[in-house]
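Fair warning: this is a prediction, and the values are worked out from it, not measured in the lab. Numbers restart at 1 for each chain; the letters A, B, ... are given by sequence-line order, proteins then strands.
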Amino acid sequence: MTEEKRESLNFIESIIEEDLKAGKHSGRILTRFPPEPNGYLHIGHAKAICINFETAKKYGGSTNLRFDDTNPTTEDTEYVESIQRDIRWLGFDWNGSPLYASDYFDTLYDYACRLIQTGLAYVDDSSPEEIASMKGTPSEPGVHSPFKSRTPEENLDLFERMKQGEFPDGTRVVRANVDMSSPNMLLRDPIIYRIKKEHHHRTGDQWCIYPMYDFAHGQSDSIEGITHSLCSLEFIHHRPLYDWFIEKLGIFPSRQIEFARMNVEYMITSKRKLLKLVNDGFVSGWDDPRMPTISGMRRRGYPAAAIRNFCDKAGVAKRENTIEINLLEACVREELNVIALRAMVVLEPVRLVITNYPEGQTEWLQAENNPEDPEAGTRQIPFGRELWIEREDFMEVAPPKFFRMTLDADVRLKHAYIVHCTGVDYAADGSVETIYATYYNNSRSGEDVSGIKPKGTLHWVSREHAQSCEIRLYDRLFTCPDPAADEETDFLTFYNPDSLKVVTGVMMEPSLQHSSPGTQYQFLRQGYFCTDPQSTTECKVFNQTVGLKESFSKEVRKG
RNA sequence: UGACCCAUGGUGUAAUUGGCAACACAGCAGAUUUUGGUUCUGUUAUUCUAGGUUCGAGUCCUAGUGGGUCAACCA
């Protein structure tokens with residue numbers, strides 16, 4: 001008998017399971033992801049995507065992709081493409097073709113007519129300022145518009161003429177007749193249609209009136225038969241309106257459920273701020289590897305599975321939350337550790353000469369591509385008398401816990417031999433120029449009979465075979481975890497000028513020369529990297545995805 | 001000074017619905033290691049406050065405190 005541990009459910013799953021138990025919608029589950037095509041998807045969208053797609057999948061349901069394109073002023077087809085690409089890359093697929101709120105403009109127009117006919121909506125000629133002032137404040141009720149009492153016939157006629165383009169933008173709106181004294185501001189006769197003589201990315205010039213969010217979103221859900229409409233907490237005040245329209249129209253009762261959006265340290269998701277970073281040149285574009293956009297994270301080398309796993313581990317609830325960035329990085333490392341190919345690359349090269357190794361000799365050594373995955377196979381790497389090693393891996397006199405190369409001590413060269421450091425030459429400026437060592441010829445990796453057990457192992461590259469490449473090291477984009485916390489302070493104050501460090505003249509092992517963009521590596525003892533699309537045949541470019549966990553540098557910091 | 005939402009280790013999320021507060025990440029200590037990685041072991045630390053109901057409250061009730069949200073012809 002297996003003692004089955006009851007799986008814990010998040011609050012959305014609990015609601016769904018209750019619905020299922022009650023036989024609601026005959027057990028059918030349909031969710032939706034409703035982006036507005038006016039920007040690139042970011043980590044916050046990734047969270048919403050995961051919740052909507054994974055929750056549906058878990059209960060045998062599926063998910064619609066619907067573009068919420070009711071505002072032609074800001075929307076564009078360009079975003080329709082990028083959004084689909086990002087969702088697919090994340091590993092999700094929607095039902096059939098993408099849907100559009102604009103597909104329902106005819107239906108929505110009819111719905112509005114129905115409300116007008118039953119006295120539940122009216123045309124208001126007031127100016128935007130007048131409407132705002134009549135709305136009242138959260139603590140005082142609003143007052144009725146002088147146009148609220150028009151007859152259905154008059155309203156219908158006016159609405160039709162709005163549709164025909166008789167009136168200029170902003171001169172008239174249609175408002176739902178709800179309750180001007182409601183404590184919920186959204187119920188104070190919300191605007192449901194406005195005049196906008198603008199070209200729509202899909203309907204062209206067919207319409208000059210467009211429905212507002214509140215008159216499009218819920219109805220679109222209903223038209224599609226969405227059972228659970230999962231959105232973020234900020235829409236909670238819209239729910240009474242969402243339900244009101246469904247009730248008054250007598251249409252399919254989709255249910256809106258709100259969850260707290262996910263915030264992540266050092267990441268901002270404000271469209272306006274992201275745009276500013278791009279436009280003002282703080283980053284190279286929407287897909288700059290420092291950006292919290294899906295395209296940025298993809299270029300950075302974050303695996304889609306890691307992002308999905310991260311969203312899952314962050315959980316779902318209704319309280320404000322800020323997830324530590326190290327959880328994201330832990331998920332990225334966890335995934336990459338298993339799939340990334342290992343390779344050796346020397347960032348700050350210094351020359352190492354093995355004085356007792358025959359001049360002109362090259363030895364090809366076997367190296368595993370991934371110790372976590374034998375199936376990844378092995379490759380041959382060249383070894384010779386002269387090598388490059390990392391400058392910071394040498395200290396002539398070293399502190400007790402320095403397990404690297406130091407004078408008169410042994411150290412292992414990964415996949416190769418144990419060497420004994422015998423000397424060092426300094427340049428005129430005092431920097432290390434050449435390090436000298438001897439090797440133990442019976443200590444070759446895999447057939448070591450030397451009996452020597454050095455504490456440290458270094459990565460290296462054969463000087464004769466090394467090729468030069470460029471590496472881009474990334475740090476947090478901001479110097480504080482929540483750059484948008486204080487509205488008084490410009491978030492750019494916290495821009496981290498050291499968030500990108502370009503290192504050129506990096507020495508890489510020759511196997512890397514055929515690497516194609518997007519390939520993920522672990523450069524031994526350095527971290528995870530990913531080949532950038534800007535690589536050329538002459539010069540490869542690698543983006544640092546995330547560093548390795550490092551306990552040594554922590555000890556150094558402690559002093 | 002209206003309404004609504006929320007409050008559990010450093011962070012986030014659980015707690016079989018009123019029955020020994022747990023899991024992950026982070027931290028710390030150790031073991032293993034031809035990556036100071038990985039893996040493994042151990043460990044620190046939690047129910048906003050005050051009342052009430054109850055044999056028993058993180059959970060239910062009341063009041064308070066704190067945080068968030070709402071007054072775009074944006075979504």
Side-chain angles (χ1 to χ4, degrees), chain A residues 5-10 14 34-36 38 68-71 73-75 101 124 127-128 131-133 135-142 169-175 182-188 191-196 209-210 212-214 216-217 231 233-240 258 260 262 265 271 310 313-331 333-334 337-338 342 344 371-372 401-404 411-416 418 443 445-446 448 453-459 522-528 547-555:
Chain A
K5 199 178 174 196
R6 175 185 255 242
E7 185 206 3
S8 74
L9 305 174
N10 66 46
S14 301
E36 184 186 12
N38 73 345
D68 228 334
D69 55 351
T70 57
N71 183 2
T73 314
T74 57
E75 295 153 5
D124 194 332
S127 69
I131 289 178
S133 74
K135 229 166 202 171
T137 69
S139 49
E140 325 155 27
D169 286 14
T171 52
R172 282 184 170 81
V173 292
V174 180
R175 292 229 255 168
S182 170
N184 180 345
M185 298 295 290
L186 290 162
L187 258 24
R188 320 247 262 229
I191 294 170
I192 62 174
Y193 261 96
R194 79 289 212 183
I195 303 171
K196 262 180 191 280
I209 53 171
Y210 293 93
M212 297 284 289
Y213 166 85
D214 282 308
H217 195 97
C231 64
L233 230 40
E234 61 209 278
F235 292 100
I236 197 162
H237 297 108
H238 293 253
R239 179 153 36 98
E258 311 85 11
M262 177 182 72
E265 285 179 341
K271 224 170 260 179
F310 169 66
K313 282 183 170 160
V316 184
K318 293 181 80 165
R319 60 170 146 162
E320 287 287 311
N321 63 84
T322 302
I323 315 293
E324 290 179 341
I325 191 80
N326 62 37
L327 180 63
L328 210 206
E329 294 181 342
C331 291
R333 288 193 191 100
E334 182 183 29
N337 179 46
V338 180
R342 313 290 132 124
M344 294 200 288
E372 305 295 317
K401 283 196 170 176
F402 188 82
F403 303 146
R404 306 177 185 190
V411 71
R412 160 77 64 182
L413 295 177
K414 181 73 180 174
H415 300 310
I418 298 170
S443 67
S445 263
D448 180 4
K453 299 283 174 211
K455 285 252 192 183
T457 303
L458 306 186
H459 60 278
Q522 184 198 105
F523 292 157
L524 252 41
R525 304 208 303 135
Q526 307 274 20
Y528 294 97
L548 256 23
K549 266 173 79 174
E550 234 201 308
S551 38
F552 176 63
S553 58
K554 275 176 204 156
E555 286 181 28

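B/C28 and B/G67: their C1' atoms are spaced 31 Å apart (whole Å). Spacing between B/C23 and B/U46 at atom C1', rounded to whole Å, works out to 13 Å. B/G64 and B/A29 have their P atoms separated by 47 Å, given to the nearest Å. B/A31 sits 16 Å from B/G37 when the C1' atoms are compared, rounded to a whole Å. Nucleotides B/G19 and B/U59 place their P atoms 11 Å apart, quoted to the nearest Å. Taking the C1' atom of each, B/U17 and B/G36 are spaced 48 Å apart, rounded to whole Å. The C1' atoms of B/C5 and B/U43 are separated by 38 Å, rounded to the nearest whole Å. Atom C1' of B/A7 sits at a distance of 22 Å from the matching atom of B/U53, rounded to the whole Å.
The CD1 atom of A/I192 sits 12 Å away from the C1' atom of B/C73 (whole-angstrom rounding). For the pair A/E324 CD and B/A24 C1', the interatomic distance rounds to 11 Å; values are reported in whole Å. The CG-P distance, from A/N321 to B/U69, rounds to 13 Å in whole Å. The distance between atom CG of A/L186 and atom C1' of B/C74, rounded to the nearest whole Å, is 13 Å. Between the C1' atom of B/A71 and the CG atom of A/D214 lies a distance of 14 Å, rounded to the nearest Å. Atom CD in A/E234 sits about 16 Å away from atom C1' in B/A71, given to the nearest Å. Protein atom CG of A/N326 is 5 Å distant from nucleotide atom C1' of B/A26, rounded to whole Å. Atom-to-atom, NZ of A/K196 to C1' of B/C74 comes out at 8 Å; the value is rounded to the nearest Å.
Between A/R525 and the phosphate of B/G36, there is a side-chain N or O to OP1/OP2 separation shorter than 4.0 Å.
Interatomic distance, A/I192 CD1 to A/D214 CG, rounded to the nearest 0.5 Å: 10.0 Å.
Across all strands, A/H217 comes closer than 4.0 Å to no nucleic acid atom at all (heavy-atom distances). Using a 4.0 Å heavy-atom cutoff across all strands shown, A/T70 reaches sugar-phosphate atoms only and no base atom. Across all strands, A/H238 comes closer than 4.0 Å to base atoms (heavy-atom distances). Residue A/F235 is classed as a base contact, given a heavy-atom separation below 4.0 Å to a base. Contact annotation for A/F402: base contact, defined as any heavy-atom pair under 4.0 Å involving a base atom. Contacts of A/M262 with the nucleic acid, taken as non-hydrogen atoms under 4.0 Å apart, are absent. In this structure, A/K453 reaches neither bases nor backbone, as no heavy-atom distance under 4.0 Å exists between it and the strands shown. Among the heavy atoms of the strands lying under 4.0 Å from A/G446 is at least one base atom, whether or not backbone atoms are also near. Nucleic acid contact class of A/T322 (heavy atoms, under 4.0 Å, all strands): sugar-phosphate only. Note on A/T137: a base of the nucleic acid sits closer than 4.0 angstrom, heavy atoms only.
More than 90° away from 0 lies the glycosidic angle of B/U33, which makes this nucleotide anti.
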Task: Step-by-step side-chain hydrogen bond (donor to acceptor under 3.5 Å, both in side chains) determination, A/N71 to A/T73 - done: CA-CA 5 Å; A/N71 183 2; A/T73 314; 3.0 Å; yes

- [ ] Go through the steps to decide whether A/L413 and A/T457 satisfy the test side-chain contact (heavy atoms from CB on, under 4.5 Å), and finish with yes or no.
- [x] CA-CA 6 Å; A/L413 295 177; A/T457 303; over 6 Å; no

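Contact annotation: side chain of A/R412 to base of B/U34, donor-acceptor pair present below 3.5 Å.
Side chain of A/K135, nearest nucleotide from B/A14, B/A71, B/A75: B/A71. Here the side chain of A/T457 is nearest to one of B/A75, B/G10, B/U34, namely B/U34.
For A/Y210, the ring pair (Phe, Tyr, Trp, His ring centres under 6.0 Å) test picks out A/F105, A/H200, with sequence neighbours left out. Annotation: ring pair (Phe, Tyr, Trp, His ring centres under 6.0 Å) contacts of A/H217 (sequence neighbours excluded): A/Y213. Taking A/E36 as the reference, nothing meets the salt bridge (Lys or Arg N to Asp or Glu O under 4.0 Å) condition, with sequence neighbours excluded. Applying the side chain to side chain donor-acceptor pair (under 3.5 Å) rule to A/H459 yields the partners A/E390, A/R525, A/Q526; only residues at least two apart in sequence or on another chain are considered. By the side chain to side chain donor-acceptor pair (under 3.5 Å) test, A/R175 is found to be paired with A/D124, residues two or more places apart in sequence or in another chain being considered. Judged as a ring pair (Phe, Tyr, Trp, His ring centres under 6.0 Å), and not counting sequence neighbours, A/Y528 has no contacts. Annotation: side chain to side chain donor-acceptor pair (under 3.5 Å) contacts of A/E234 (sequence neighbours excluded): A/S232, A/R261. For A/R172, the salt bridge (Lys or Arg N to Asp or Glu O under 4.0 Å) partners two or more places apart in sequence, or in a different chain, are A/D125. Take A/D169 and apply the side chain to side chain donor-acceptor pair (under 3.5 Å) test, not counting sequence neighbours, and it matches no residue.
Both A/K313 and A/L524 lie near RNA chain B, and the one whose nearest nucleotide falls closer to the 5' end is A/K313. When each of A/L413 and A/A330 is assigned the nucleotide of RNA chain B with its nearest heavy atom, A/A330 is the one assigned upstream, toward the 5' end.
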Which pairs, protein N/O on one side and nucleotides 37-43 of chain B N/O on the other, fall under 3.5 Å?
residue	atom	partner	partner atom	Å
B/G37	OP1	A/S551	OG	3.2
B/G37	N2	A/E372	OE2	2.9
B/U38	O2'	A/N337	ND2	3.3
B/U38	O2'	A/E372	OE1	3.3
B/U38	O2'	A/E372	OE2	3.3

Check the interface with nucleotides 1-6 of chain B: list each N/O to N/O pair with the protein under 3.5 Å, or write none.
residue	atom	partner	partner atom	Å
B/G2	N2	A/P183	O	3.4
B/G2	N3	A/P138	O	3.2
B/C4	O2	A/H237	NE2	3.4

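Summarising the geometry of A/N38 relative to A/T74, their closest heavy-atom pair is CB-O, 3.3 Å, with the distance given to 0.1 Å.
Note on A/K135 versus A/E140: no salt bridge recorded, every NZ/NE/NH1/NH2 to OD/OE distance being 4.0 Å or above.
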- [ ] Give RNA chain B the dot-bracket treatment, 5' to 3': Watson-Crick (N1-N3 with N6-O4 or O6-N4) or G-U (N1-O2, O6-N3) under 3.5 Å, [ ] crossing, | other strand.
- [x] .((((((..((((.....[..)))).(((((.......)))))....(((((..]....))))))))))).....

